[in-house]
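Below: one structure, written as structure tokens.
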Amino acid sequence: MPPAADAPTEADSQAPALSEQITRAPDDPPFEERPRASRGDDVPLLGNDELARILYEIGDMLEIGGEVPFKIGAYRRAADTIAHSPVDIAAAYREGAVPRLAGVGKAIDEKLAELADTGRLRYYERLRQDVPPSVVTLLAVPGLGPRTAGELWRQANISSLDELEAAASQGLLRTLRGMSAKTEQRLLEALSNLRKRPPKRLRLGIAADAVKRVTRSLTSERGVRAVIPAGSWRRRRETIADIDILVESDDPAAVIERLHGMPWVERAGSLGPRTGGATRTTVQMMHGPQIDLMTMPAGAAGTYLVHFTGSAEHNVRLREMARDKGWSLSEHGFTSLTDPPDKRTFATEEEVYGFLGLPFIDPALREDRGEIEAALAGRLPTLVSRDDLQGDCHTHSDWSDGHYTIERMAEEARRRGLRYQVLTDHSGSLSIARGLTPARVDEQRRVVGDLNEALAKEGTDFRLLHGCEMEITPDGRLDYDDKLLARYDVVIASLHVGRRQPRAQLMARYRVALRNKNVDIIAHPSGRKIGIRDDLDLDWDAFYREAAETRTVLEVNGSDERLDLDDRRARAALDAGNRFTIDSDAHYLGEFDNLDWGVAQARRAWLESRNVLNTLPLEEFLAAVTDHA
DNA sequence: GCCGTTTTCGGCCCGACTGTTTTCAGTCG
């Protein structure tokens, strides 16, 4: 979310709370009064995603229509703000309590009000009459941008992917200005790729494998001084589109040639300019993602790293700061705006940030969500790290739907340096996951007890805790009675069935768990699986509030297909005063890796170790996690 | 279209690569 201009300045807390960044300052005059409509009450409320999509589409249509770039950019900036806002924007408009939204001025404000009140936007509908929506779909073709889409539509009346394909294969496009037979071929290829392989984002675990392979291959090459994965992978976004690799080398052309020759390369992209030395290239990995490789001159890596790590929004802020100081910033370095221009390059990112008057900002924070303001105020968080974790509070065994014995999982947890592990097999009603009956629970407790005894005899201080992942049933009950629940060391509650219930019902179910004194942690609160299952429809603010009030801990589930809470929600929950655990939800030995992904999302949410209970030593952890109303 | 105590008007982030333009526009990240 783009930050507000009036970030707090008192050095009383680590970071400006998200709510502070978006709340209109008291002396900031409201936009002129607009009628607040009860007429809106029977109109379905548009979500932030829908509002943002409409604004993005307005941007696309304006661009196809040849509108001035800054107007187009204004709609997209406003769309970004809304897409990233933790506040339910349409609801806020209806209630007349509109937060300050960066990039939303008078004109877009009025359009948002109309959308909130009526669910429609006349301006948008007019535009759609001028520019058919199907023309916008042409933009999905890689290499085909808005200008060309507009020309195709105006000159050749092409307004859909099918029409584009037909025209290109009949050789009709080459008659248009700026088009050739080669362009037609390129478009046909792009269309075919688009149909074959819709752009798919990688889960972190899969991206990690690809990163490892590329890095290992290139590191051993001659003349390579460093190989550094950058881009959204380095920021550990929850999914990765393609993998950006930076290589520090004195001989970029040789590096590129070597990459093209790797056995795992399915298709090599551009070879760079025909004259002069190529500095970057793209390859398609066999059964894997696209790799974008950029080379950088030795000793000047700082600005390259910053530039190619991003995010784009963060970089924009840095370049604006540079310009305010009289410098232009690009990947190559700083160029002064004086005549003659002066040039500065730096070996490290620390020096680049330092030149702008900023402390080093961790890649996990580089999203323009207040990190620049926090850095300027000296209030960047000290982010939690994997080494801080002493325990894992969510793991399974073959007693329910895990795939390894209790003993084997515990051994693996210990091998990975954990001091304690909570075994949390599923409760009875989740029969698909072979949930435990009360009798089996007692039996399992004895097994855990025996194992701990054996570990103590060996003199190890690792401890296995007995817990369960307790199902919150569709009719709002907990699987086990309080007497049984009270005997567990730790109880985590979650919800796997009846996911489509209306919001009020889902909230009521969660409330049962939050208000039960035996429930310590809510596991994967949103219930999503990335790209597979949508989020539960919850009143999130109320959820965070009640969890904070009852001191029920919220999980950051590290499974790379869950990452739940996600970074934004965990940040909002942090601002609401919540406490967290970061867990693997391991069903296999290898899934203890999930702790890495969980920590990564927690860092993106600005969490510090003091916010995460399983960074505490065992006794303190147990005292803290069970300390609730 | 948005924004601002060095501006209510005049700015708005930057460069590589591609294709076909013989000097640059479009696309992408």
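Here is how names work: the chains are called A, B, and so on, in the same order as the sequence lines, proteins then strands, and each is numbered from 1.
When the P atom is used for both B/dC9 and B/dG15, the distance is 31 Å, rounded to whole Å. Nucleotides B/dG1 and B/dT5, compared at atom C1', are 23 Å apart to the nearest Å. Straight-line distance between the P atoms of B/dT22 and B/dC13: roughly 32 Å, to the nearest whole Å. Here, B/dT27 and B/dT21 have their C1' atoms 16 Å apart, quoted to the whole Å. For B/dA16 and B/dG11, the C1' atoms lie 26 Å apart once the distance is rounded to whole Å. Distance noted for atom C1' between B/dC12 and B/dT7: 13 Å (whole Å). Comparing B/dG4 with B/dT8, their P atoms sit 13 Å apart, to the nearest whole Å.
A donor-acceptor pair shorter than 3.5 Å cannot be found between the side chains of A/S232 and A/R237.
Between B/dC3, B/dG1, B/dA16, one nucleotide has an atom nearer to the side chain of A/K111 than all others, and that is B/dG1. Side-chain atoms of A/R323 lie closest to B/dC12 of the nucleotides B/dC12, B/dG4, B/dG1. Side-chain proximity of A/T279 to B/dA16, B/dG4, B/dG1: nearest is B/dA16. The A/R100 side chain lies nearest to B/dC3 when the options are B/dC3, B/dG1, B/dA16. Comparing B/dG15, B/dG1, B/dC13 by their nearest atom to the side chain of A/Y75 picks out B/dG1. The side chain of A/S328 has B/dC14 as its nearest neighbour among B/dC13, B/dC17, B/dC14.
Going from atom NE2 of A/H332 over to atom C1' of B/dC17 covers 12 Å, rounded to whole Å. Note: CH2 (A/W327) to P (B/dC14) measures 14 Å, nearest angstrom. Atom CE in A/M294 sits roughly 20 Å away from atom P in B/dC14 (whole-Å rounding). Across the protein-nucleic acid pair, A/I58 atom CD1 and B/dG1 atom P stand 10 Å apart, rounded to whole Å. With rounding to whole Å, A/M179 atom CE is found 11 Å from B/dG19 atom C1'. Rounded to whole Å, the distance from CG on A/D324 to P on B/dT5 is 11 Å. In this structure, CG of A/L101 is placed 10 Å from P of B/dC3, rounded to the nearest angstrom. Rounded to whole angstrom, the span from the CD atom of A/E313 across to the P atom of B/dC12 amounts to 19 Å.
Contact between A/V211 and A/P229 at its shortest, heavy atoms only, is CG1-CG, 3.6 Å.
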Could you go through nucleotides 27-29 of chain B and list every protein N or O atom that sits under 3.5 Å from one of its N or O atoms, giving the distance for each pair?
unit_1	atom_1	unit_2	atom_2	d
B/dT27	OP1	A/G145	N	2.6
B/dT27	OP1	A/G145	O	2.9
B/dT27	OP1	A/T148	N	3.0
B/dT27	OP1	A/T148	OG1	2.5
B/dT27	OP2	A/R147	N	3.1
B/dT27	O5'	A/G145	N	3.4
B/dC28	OP1	A/G143	N	2.5

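In this structure A/F308 satisfies the ring-ring contact (aromatic ring centres under 6.0 Å, His included) test with no other residue, sequence neighbours excluded. A/E221 meets the side chain to side chain donor-acceptor pair (under 3.5 Å) test with A/R258; sequence neighbours excluded. The side chain to side chain contact (heavy atoms under 4.5 Å, CB included) check on A/R154 picks up A/E151, with sequence neighbours excluded. For A/R128, the side chain to side chain donor-acceptor pair (under 3.5 Å) partners are A/E57, A/Y124, not counting sequence neighbours. With sequence neighbours excluded, no residue forms a side chain to side chain donor-acceptor pair (under 3.5 Å) with A/R344.
Among the heavy atoms of the strands, none lies under 4.0 Å from A/A312.
Nearer the 5' end of DNA chain B, as judged by each residue's closest nucleotide, is the contact made by A/I72, out of A/S330 and A/I72.
Across every strand in view, B/dT8 sits unpaired, with no contact that passes the Watson-Crick or G-U test at under 3.5 angstrom.
A/E110 places no side-chain N or O within donor-acceptor distance of the main-chain N or O of A/A107, the cut-off being under 3.5 Å.
A/F70 does not qualify as a stacking partner of the B/dC2 base, lacking a centre-to-centre distance under 5.5 Å together with planes within 30°.
In this structure, B/dT6 shows a glycosidic angle more than 90 degrees from zero, which is the anti conformation.
Taking the six-membered ring where the residue is Trp, A/F355 and A/F334 present tilted rings, their angle falling between 30° and 60°.
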